[in-house]
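Any value given below was found using the heavy atoms of this structure, including those in side chains, with hydrogens, waters and symmetry copies removed.
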Amino acid sequence: MVGWQLNLGPLKEPLGFIKLLEWFASIFSFATCGGYSGKTELIVSCLGSSENKTATASFMYPFRLNVQVFEGIPKLFCNQTWKDFHLTGDFSAPAQFYVSIGVFAFLYCMAALVFYLGFMQLYRDSQKFPLCDFFITVFFALMWLVSSSAWAKGLTDIKASTSPQGIAQYTCPTGYKCLPGQESHMGSLNISVAFGFLNLILWAGNAWFVYKETSLHTPPQQPNPEQAPGNVSP
């Protein structure tokens with residue numbers, strides 16, 4: 001029976017080193033997306049009056065913008081009742097899909113690294129472990145492509161829906177004048193998209209090194225009939 005034997009040697013090989021990079025990249029992917037919070041502001045004033053108030057809408061992961069309300073305006077403003085004013089759009093689907101892939105990739109990388117470092121000999125002596133590793137690696141490469149593309153499109157729509165300039169121009173409540181205020185920077189969300197496509201490159205590249213460990217690349221050696229004990233010449 002093969003027991004646990006810690007061996008850092010696989011980290012010096014492409015198979016283990018790239019898996020370690022995948023582990024770090026997956027952490028940054030879901031952390032930069034799932035940990036984001038921001039806000040957008042409008043300066044709302046009365047028609048024909050200099051009186052104005054600042055309305056602020058906060059938003060965060062998972063970016064269900066249509067439930068976020070602009071706050072800071074009194075119920076009675078400009079001699080009329082202020083009605084709840086929401087951001088538009090629900091972008092939770094691409095955001096949650098992207099974060100889910102990042103979390104599952106992180107967990108798989110951690111399990112694979114433990115197996116590489118403790119049971120590398122068992123891994124290479126077996127045919128099924130490298131094959132399973134290869135198919136899972138290809139699966140995650142495809143999922144990073146799909147989820148990163150979907151999240152990149154979702155982020156573009158989030159920027160449009162939270163832009164103070166766009167809100168002031170197109171969705172200002174009737175009876176009021178709106179001017180754009182401040183908006184949060186989305187640098188960390190841009191980084192999350194970049195890490196998504198970096199993960200795609202890492203997983204797609206690592207698929208080749210995992211493939212080289214499988215019997216698909218190097219078929220197992222067949223015994224030579226001439227070397228069988230029953231065929232040995234006297």
**Message:** So does Thr162 get a backbone contact from the side chain of Thr40, meaning a donor-acceptor N/O pair under 3.5 Å?
**Reply:** yes
**Prompt:** Donor-acceptor pair, Thr32 side chain versus Ser29 backbone, under 3.5 Å?
**Reply:** yes
**Asked** What are the two closest non-hydrogen atoms of Ala168 and Leu179, and how far apart are they?
**Response** CB-C, 4.0 Å
**Message:** When you compare the side chain of Pro173 with that of Trp82, does any pair of heavy atoms fall below 4.5 Å?
**Reply:** yes
**Prompt:** Excluding sequence neighbours, so at least two apart, what forms salt bridge (Lys or Arg N to Asp or Glu O under 4.0 Å) with Arg124?
**Reply:** Glu13, Glu213
**Request:** Please report the shortest heavy-atom distance between Ala150 and Pro94, naming the atom on each side.
**Result:** O-CB, 3.6 Å
**Request:** Take Phe140 and Asn199 through the test side chain to side chain contact (heavy atoms under 4.5 Å, CB included) and record every step on the way to the result.
**Result:** CA-CA 9 Å; Phe140 270 109; Asn199 270 291; over 6 Å; no
**Asked** Any side-chain heavy atom of Phe85 sitting closer than 4.5 Å to one from Leu42?
**Response** yes
**Message:** Quick check for you: to the nearest 0.5 Å, what is the distance between Glu183 atom CD and Lys39 atom NZ?
**Reply:** 12.0 Å
**Message:** If hydrophobic clusters are built by linking Ile, Leu, Val, Met, Phe, Trp and Tyr wherever their side-chain heavy atoms come under 4.5 Å apart, do Phe97 and Val103 end up in the same one?
**Reply:** yes
**Prompt:** Under 6.0 Å between ring centres, would you say that holds for Phe134 and Tyr211?
**Reply:** yes
**Asked** Less than 6.0 Å separating the ring centroids of Trp151 and Phe63?
**Response** yes
**Asked** Hey, is CG on Asn79 packed in by over 12 heavy atoms from elsewhere, all under 6.0 Å?
**Response** no
**Asked** Which residue pairs pass the disulfide bond (SG atoms under 2.5 Å apart) test with at least one member in residues 8-46, sequence neighbours excluded?
**Response** Cys46-Cys78
**Prompt:** Can you tell if the side chain of Asn206 reaches within under 4.5 Å of the side chain of Leu15, non-hydrogen atoms only?
**Reply:** yes
**Message:** So which atom in His86 and which in Asn66 form the shortest heavy-atom distance, rounded to 0.1 Å?
**Reply:** CD2-O, 3.3 Å
**Flag, side chain of Thr156 to backbone of Ala152, donor-acceptor distance under 3.5 Å** = yes
**Asked** To the nearest 0.5 Å, how far apart are OG1 in Thr214 and NZ in Lys128?
**Response** 16.0 Å
**Request:** Indicate yes or no: at least one non-hydrogen side-chain atom of Val193 is less than 4.5 angstrom from one of Met186.
**Result:** no
**Request:** Mind checking the CD-CD1 spacing from Gln96 to Ile101? Nearest 0.5 Å is all I need.
**Result:** 12.5 Å
**Fill in**
Rounded to the nearest 0.5 angstrom, the CD1-CG distance for Ile158 and Asp90 is 9.5 Å
**Request:** Report the C-alpha separation of Leu87 and Ile167 in whole Å, then their side-chain angles, then the decisive distance to 0.1 Å, and conclude whether the side chain to side chain contact (heavy atoms under 4.5 Å, CB included) test is met.
**Result:** CA-CA 8 Å; Leu87 291 171; Ile167 298 172; 3.6 Å; yes
**Prompt:** Do you know the tightest heavy-atom contact between Pro62 and Ala95?
**Reply:** O-CB, 4.1 Å
**Asked** Side-chain heavy atoms under 4.5 angstrom apart, residues restricted to Ile, Leu, Val, Met, Phe, Trp, Tyr: same cluster for Ile43 and Phe70?
**Response** no
**Asked** Would you say the ring centroid of Phe115 lies under 6.0 angstrom from that of Phe119?
**Response** yes
**Fill in**
dist Trp144:CH2 -> Phe195:CZ (nearest 0.5 Å) comes out at 10.5 Å
**Fill in**
Between the SG atom in Cys178 and the OH atom in Tyr170, the distance rounded to the nearest 0.5 Å is 14.0 Å
**Message:** Holding to salt bridge (Lys or Arg N to Asp or Glu O under 4.0 Å), I want the full list of residues that pass it with Lys177, two or more places apart in sequence or in another chain.
**Reply:** none
**side-chain contact (heavy atoms from CB on, under 4.5 Å), paired with Glu22, selected from Ile27, Leu198, Leu202** = Leu202
**Request:** Measure the shortest side-chain to side-chain distance between Trp203 and Lys19 over non-hydrogen atoms and say whether it is less than 4.5 angstrom.
**Result:** yes
**Message:** Could you report the tightest heavy-atom contact between Val44 and Ala55, atom names first, then the distance?
**Reply:** CG2-CB, 4.2 Å
**Prompt:** Taking the six-membered ring for Trp, are Phe59 and Tyr36 parallel (under 30°), tilted (30 to 60°) or perpendicular (over 60°)?
**Reply:** tilted
**Request:** Report yes if some heavy atom in the side chain of Lys83 is under 4.5 Å from a heavy atom in the side chain of Thr174; otherwise report no.
**Result:** no
**Message:** Tell me if the OH atom of Tyr61 is crowded by more than 12 foreign heavy atoms within 6.0 Å.
**Reply:** yes
**Message:** Ring-plane angle category for Phe106 and Trp23, please: parallel below 30°, perpendicular beyond 60°, tilted otherwise.
**Reply:** parallel
**Prompt:** Between Thr56 (side chain) and Glu41 (backbone), is there a donor-acceptor pair under 3.5 Å?
**Reply:** no
**Asked** Hey, quick one: are Met110 and Phe30 part of the same hydrophobic cluster, counting side-chain heavy atoms closer than 4.5 Å, chains of contacts allowed?
**Response** yes
**Request:** Could you go through the side chain to side chain contact (heavy atoms under 4.5 Å, CB included) check for Leu113 and Leu11 one step at a time?
**Result:** CA-CA 9 Å; Leu113 283 171; Leu11 295 182; 4.1 Å; yes
**Request:** Could you tell me whether the side chain of Tyr98 and the main chain of Ser192 form a donor-acceptor pair under 3.5 Å?
**Result:** yes
**Message:** Hydrophobic clusters here meaning ILVMFWY residues chained together by side-chain heavy-atom distances under 4.5 Å, can you tell me if Phe104 and Val146 are in one?
**Reply:** yes
**Request:** Please answer: with hydrophobic residues joined when any side-chain heavy atoms are less than 4.5 Å apart, are Trp208 and Ile18 in the same cluster?
**Result:** yes
**Message:** Do Tyr108 and Asp133 pair up side chain to side chain, a donor and an acceptor below 3.5 Å, judged on atom types alone?
**Reply:** yes
**Min side-chain heavy-atom separation Phe129-Leu122 under 4.5 Å** = yes
